[in-house]
K.L.:
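Before I ask anything, here is the structure I am working with.
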Amino acid sequence: MSTPETDTEIETAGNFIRDIVADDVNQGRIADVVTRFPPEPNGYLHLGHAKSICLNFGIADDFSGRCHLRFDDTNPVKEEIEFIDAIKEDVRWLGFDWGEHLYFASDNFQQLYDWAEYLIENGNAYVDDLSADQIREYRGTLTEPGKPSPHRDRTPEENLDLFRRMAAGDFDDGARVLRAKIDMASGNINMRDPVLYRILRAEHPRTGTDWCLYPTYDFAHGQSDAIEGVTHSLCTLEFEDHRPLYDWLVEHLPVPATPRQYEFARLNLTNTVLSKRRLTQLVDAGHVNGWDDPRMATISGFRRRGIPAAAIRDFCTRIGVTKAASTAETAYLDHCTRELLNKTARRRMAVLDPLKVVIENYPEGDGEELTAVNNPNDDAQGTRPVPFSREIYIERSDFMEDPPKKFFRLGPGREVRLRFAFFITCTDFIKDADGNVTELRCTYDPETRGGNAPDGRKVKGTIHWVSAAHALNAEVRLYEPLFTVADPGAGNGDFLDDLNPYSLKVLTGCKLEPGLADLALGETVQFERQGYFCLDPDATPAAPVFNRTVGLRDSWAKAQKKS
RNA sequence: UGGGGCGUAGCCAAGUGGUCUAAGGCACCGGCUUUUGAUGCCGGCAUCCGGAGGUUCGAAUCCUCCCGCCCCAGCCA
C-alpha cells in the first residue's frame, strides 16, 4: 500500500540553509526557529513549491521549531478562494502540518497601513501622482540612474493627508501610489523608491471591499514575517535583489522582530513546465484537463497520477538545496517513485492489450483459485486468491508468431509459465482475414500448478494473465511527458509548440484481475511486469478507469530499440 | 556601460588549503540472481573541479584576470 499514512519517513539532508539555521541556534542568536511557506493563492502548487515546503517544514521539524502557512494575498485581482483551499489540501497531503499557524498577509492590512503612515511621518515615504508609465520613465534603466519624482519632496503632512485620502477612496485606481523614499540612483532598481501601496478597487477574497488600496509584496512580506516572529524567511533566488529593501523596511519600521531572508535556487524539471504562468495557460487553454491533470507537474496532478507524497518528499531531499540554477531530470522523480512503490505497492495482474488464449486440455466449465503473492519484497503483505479457467487473456506483446531466439515469451511450440499458475505450451494460433492473431490455442501441464515442474524442467519466461470469465473491464490511461523537449520554449520559442501530442494514450477493453474492482482511490498498485497504476477519480463501479503512475524499467524494450 | 547571483561528470550534488590520483544519488554500460526481461547484488563511469596565471612544501578549496550562464527596469509575487 502506498497511502500517505503508511509512507516511509523522509530523510533529512544537509544544505547551506540548514547550516545557517544550525549556526544561529548554536551561537545562541535564535532560540526558537520559525519558518513559513508563503504561497500566493493564484494557482495550484507544483513541484517547485514542494521543494520549498519540504525545506521550510523540514527545517522547522529538525530544530523543533514551527512552520507557518501564510497566504501572500496582497493582490486581489489575481487571487481566489479556490486556490486557498487547494493549496491547504496539497500541503496537508504532502504530509505537513501548520497546526494553529495559518496566516494571511491580509490579516495584517491594518497594521501595515499604520506602518505606512509611520514611514510617512518620518519622511521615509511619499505619495506620488505620477502615472505608471511616468514612474517607469523616471526609474531609469539598468545602466542609467533614475531621477526623482517632482512629488518626492512633499512634506509629511501633505503626504499623510494624501495617503489618507487614497485610503478613503478619494482617488481613482492608479491615480496615486505610496513610495518609499530611498535612492533613485541605486544600482539596485528595487531601491529606486519602490511602490508600497497602490489603489485597487477589487474585491479581496478575505477582506472584501474594506480596502481600496493594497500593499505590494515588498511592503507586506517582511513585515508579515516580523509580525509572525519568523526567524528565517526562505525564498527563491529572484528575490535576492529585494533583500536590501526587505532589510530597509524592517530597519525603518517599529516591527517586533528582525527576520532574515535567505535565498535558494528554484527547481526546474525536464520535459515539463513549472511556472504558474505557464501552468495557468495550459489549464485555461484546455491543453490539459485541469490543474490536477496527471500530466501536470502540480502536487494535485502527481496525487491523481498515483505518485505517493513520500516519493515527492524523497525527491526533494535528494535534489538538495543550493544557489546554483538546476534542472532535475524527470527520470530522477520516476526513480524515487519506483523505489518507494517497489517496496510498498501490492502486486496485481492486468492485461492492457488482450489476446485470448484457450487452454484446450483444461476441462470446460471448470475453474480453480490460485494463490498469488502480494509483494515478493514484503512477505507481510501476504497472498490473495486469483481465479483461473480454460479461457484467459494474455498480453498481445507476449506472443510472437515467429519469435527470435532471445524472445522468452510465447510462440508456436514454446512453453512459458503463467505467473502463479501453470506452464502452458502454444499449440496453434488463429488469424483473422487481415492476418492479425486473434486467438491462441495452448495446452497446460497440470503438474506445474503454482509455477514449478516436478520434473525440474525450466522455462525462460513468465507472463501475466487474467481469467477471461472473471476479468474486470477497464479503461487505462497511459501518460508520457507533456513536452517533447527538455526545456519547452527554450530561447524565444513558444513553449506550446513543444507540447507532446501523444502525452495521453487511452486504452479501453483492458482486462484486469477481478480483485481490482475493490481498489481504493489513493492506493497505487503494481500491475506485474508493466508499472504502477492507481484508480482515477473519473472511475465509477461500472466503468473503472486507471492511471499509469510510472512504468517499470524494461530492459527488453530498451534492447529492442537498440537493434 | 548598472546591480545581484552562479559555474565540480549527461543530470542533481558533497567538498570550506594536506586523509581529494574528488563522496553519494540519477542516467548509462557490463555481469550475477530472479515464478515480474521488475527488484536485488557486483563492477565500470571526472588524474580532474569554467579558463589562464599566481600564492604555497601542498589548492576544487586563497589571490588576480578572463570566459560563460541566470535574475532585476510590474502600481505581480
Side-chain angles (χ1 to χ4, degrees), chain A residues 13-15 38-40 42 72 74-75 77-79 128 130-132 135-137 139-146 173-179 185-192 194-200 213-214 216-218 220-221 235-244 263 265-267 270 276-277 315 318-329 331-336 338-339 342-343 347 349 372-373 376-377 406-409 417-421 423 448 450-452 458-464 486 526-531 551-559:
Chain A
N15 60 57
E40 183 191 9
N42 67 342
D72 245 332
T74 57
N75 186 0
V77 315
K78 299 167 85 176
E79 297 154 6
D128 198 349
L130 256 32
S131 69
I135 285 180
R136 189 180 315 116
E137 284 166 30
R139 187 155 34 223
T141 69
L142 293 178
T143 54
E144 298 160 320
D173 284 16
R176 285 179 227 262
V177 293
L178 181 73
R179 291 229 256 170
S186 173
N188 181 346
I189 290 178
N190 293 299
M191 298 300 270
R192 316 235 267 229
V195 170
L196 268 23
Y197 266 95
R198 72 278 210 188
I199 301 172
L200 227 48
L213 82 178
Y214 293 91
T216 55
Y217 162 85
D218 286 310
H221 201 92
C235 61
T236 43
L237 250 28
E238 64 269 29
F239 291 100
E240 210 152 17
D241 286 346
H242 294 243
R243 185 165 12 105
E263 311 85 10
R266 60 190 311 158
L267 172 66
T270 56
K276 240 189 273 187
R277 199 197 102 246
F315 170 77
R318 289 210 210 192
I319 56 167
V321 179
T322 69
K323 297 188 72 162
S326 64
T327 302
E329 293 175 338
Y332 210 168
L333 210 213
D334 287 346
H335 173 264
C336 293
R338 286 194 197 101
E339 187 179 77
N342 176 52
K343 286 184 282 200
R347 284 8 26 166
M349 291 197 285
V373 171
N377 300 322
K406 288 293 190 89
F407 187 78
F408 303 148
R409 284 108 93 152
R417 170 167 42 230
L418 293 179
R419 176 131 242 232
F420 303 125
F423 286 9
T448 58
N452 288 301
K458 305 286 183 196
V459 287
K460 283 292 261 180
T462 300
I463 65 175
H464 58 95
Q526 182 191 102
F527 284 179
E528 294 224 17
R529 302 210 301 138
Q530 315 211 76
L552 248 32
R553 272 217 190 70
D554 189 348
S555 59
W556 167 249
K558 188 185 288 181

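Residue numbering restarts at 1 for every chain, and letters A, B, ... go by the order of the sequence lines. Quick caveat: nothing in here was measured; it's all calculated off a predicted structure.
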K.L.:
Please name the pair of heavy atoms, one in A:Asp128 and one in A:Leu130, separated by the smallest distance, quoted to 0.1 Å.
P.N.:
OD1-N, 3.1 Å
K.L.:
Provide the distance between the two P atoms, one in B:G68 and one in B:G50, to the nearest whole Å.
P.N.:
16 Å
K.L.:
Looking only at heavy atoms, what is the nearest atom pair of A:Thr74 and A:Tyr217, with distance?
P.N.:
OG1-N, 4.2 Å
K.L.:
Counting the atoms with a prime plus P, OP1 and OP2 as sugar-phosphate, which does A:Arg347 contact under 4.0 Å by heavy atoms, base, sugar-phosphate, or nothing?
P.N.:
base
K.L.:
Determine yes or no for a side-chain-to-main-chain donor-acceptor pair under 3.5 angstrom, with A:Ser186 supplying the side chain and A:Asn188 the backbone.
P.N.:
yes
K.L.:
Between A:Glu79 and A:Asp72, which heavy-atom pair has the shortest distance, and what is it?
P.N.:
OE2-O, 3.5 Å
K.L.:
Does the base of B:U36 carry an N or O that pairs as donor and acceptor with the side chain of A:Gln530 under 3.5 Å?
P.N.:
no
K.L.:
A:Ala328 and A:Leu267: which non-hydrogen atoms are nearest, and at how many Å?
P.N.:
CB-CD1, 4.1 Å
K.L.:
Suppose you measure atom P in B:G54 against the same atom in B:A9; what distance do you get, rounded to whole Å?
P.N.:
25 Å
K.L.:
What integer number of Å spans the C1' atoms of B:G31 and B:C70?
P.N.:
43 Å
K.L.:
Measure the distance from CD1 on A:Ile319 to P on B:A13 and round it to the nearest whole Å.
P.N.:
8 Å
K.L.:
Given that both distances must come in under 3.5 Å, which nucleotide forms a Watson-Crick or G-U wobble pair with B:G68?
P.N.:
B:C6
K.L.:
Indicate for each nucleotide in nucleotides 6-11 of chain B, in 5' to 3' sequence, whether protein heavy atoms under 4.0 Å reach the base (B), only the sugar-phosphate (S), or nothing (-).
P.N.:
SS--BS
K.L.:
Just checking A:Phe407: base, sugar-phosphate only, or nothing, at a heavy-atom cut-off of under 4.0 Å?
P.N.:
base
K.L.:
Using a 4.0 Å heavy-atom cut-off, write out nucleotides 72-77 of chain B from 5' to 3' as B (base contacted by protein), S (sugar-phosphate only) or - (no contact).
P.N.:
BBSBBB
K.L.:
Rounded to the nearest Å, what distance is computed from the CD atom of residue A:Glu263 to the P atom of nucleotide B:G5?
P.N.:
9 Å
K.L.:
Tell me: CG of A:Leu267 to P of B:C71, nearest whole Å?
P.N.:
16 Å
K.L.:
When we call it a touch if two heavy atoms are under 4.0 Å apart, what does A:Lys458 touch: a base, just sugar-phosphate, or nothing?
P.N.:
nothing
K.L.:
Can you name the closest pair of heavy atoms from A:Phe423 and A:Thr448 and give their distance?
P.N.:
N-OG1, 2.9 Å
K.L.:
Quick check against the 3.5 Å criterion: does A:Arg266 have a side-chain atom that pairs as donor or acceptor with the backbone of A:Cys235?
P.N.:
no
K.L.:
Using purine N1 to pyrimidine N3 plus N6-O4 or O6-N4 for Watson-Crick, or N1-O2 and O6-N3 for G-U wobble, each under 3.5 Å, what pairs with B:C20?
P.N.:
none
K.L.:
Which atoms form the tightest heavy-atom contact between A:Gly140 and A:Arg192, and what is the distance?
P.N.:
C-NH2, 3.8 Å
K.L.:
Rounded to whole angstrom, note down the P distance from B:A60 over to B:U19.
P.N.:
10 Å
K.L.:
On a whole-Å scale, what distance lies between the P atoms belonging to B:U33 and B:C42?
P.N.:
15 Å
K.L.:
Taking A:Asp218 for the side chain and A:Val195 for the main chain, is one N or O donor matched with an acceptor at less than 3.5 Å?
P.N.:
no
K.L.:
Just wondering, do A:Ile189 and A:Asp241 contact through their side chains at under 4.5 Å, heavy atoms?
P.N.:
no
K.L.:
Can you tell me the pairing partner of B:C41 across any strand shown, Watson-Crick or G-U wobble, with both distances under 3.5 angstrom?
P.N.:
B:G31
K.L.:
Expressed in whole Å, how much space separates the P atoms belonging to B:C72 and B:C63?
P.N.:
29 Å
K.L.:
Could you give the CZ-to-C1' distance, from A:Arg553 to B:U39, as a whole number of Å?
P.N.:
10 Å
K.L.:
Return the nearest nucleotide to the side chain of A:Leu552; candidates are B:C28, B:A38, B:G25.
P.N.:
B:A38
K.L.:
Atom NE2 of A:His335 to atom C1' of B:A38: distance rounded to whole Å?
P.N.:
13 Å
K.L.:
Please name the nucleotide paired to B:C75 by Watson-Crick or G-U wobble geometry with both distances under 3.5 Å, or report none.
P.N.:
none
K.L.:
Hey, is the main chain of A:Glu528 close enough, under 3.5 Å, to the side chain of A:Arg347 for a donor-acceptor pair?
P.N.:
no
K.L.:
Would the distance check show the side chain of A:Lys276 and the main-chain N or O of A:Glu40 forming a donor-acceptor pair, the cut-off being under 3.5 Å?
P.N.:
yes
K.L.:
Rounded to the nearest angstrom, tell me the gap between atom NZ in A:Lys343 and atom C1' in B:A38.
P.N.:
15 Å
K.L.:
Which is true for A:Asp334 with a 4.0 Å heavy-atom rule: it touches a base, it touches only sugar-phosphate, or it touches nothing?
P.N.:
nothing
K.L.:
For B:G74, does the glycosidic angle fall within 90° of 0 (syn) or outside that (anti)?
P.N.:
syn
K.L.:
Examine B:A38: is either OP1 or OP2 under 4.0 Å from a nitrogen or oxygen in the side chain of A:Ser555? Give yes or no.
P.N.:
yes
K.L.:
Between B:C71 and B:C26, how far apart are the C1' atoms? Round to whole Å, please.
P.N.:
28 Å
K.L.:
Classify A:Pro244 by what it touches in the nucleic acid, base, sugar-phosphate, or nothing, heavy-atom distance under 4.0 Å.
P.N.:
nothing
K.L.:
For A:Asp554 and B:A38, what is the distance between atoms CG and P respectively, to the nearest whole Å?
P.N.:
8 Å
K.L.:
Just how far, in rounded Å, is C1' of B:G40 from CD of A:Glu339?
P.N.:
12 Å
K.L.:
Taking the P atom in each of B:A59 and B:G40, what is the distance between them to the nearest angstrom?
P.N.:
41 Å
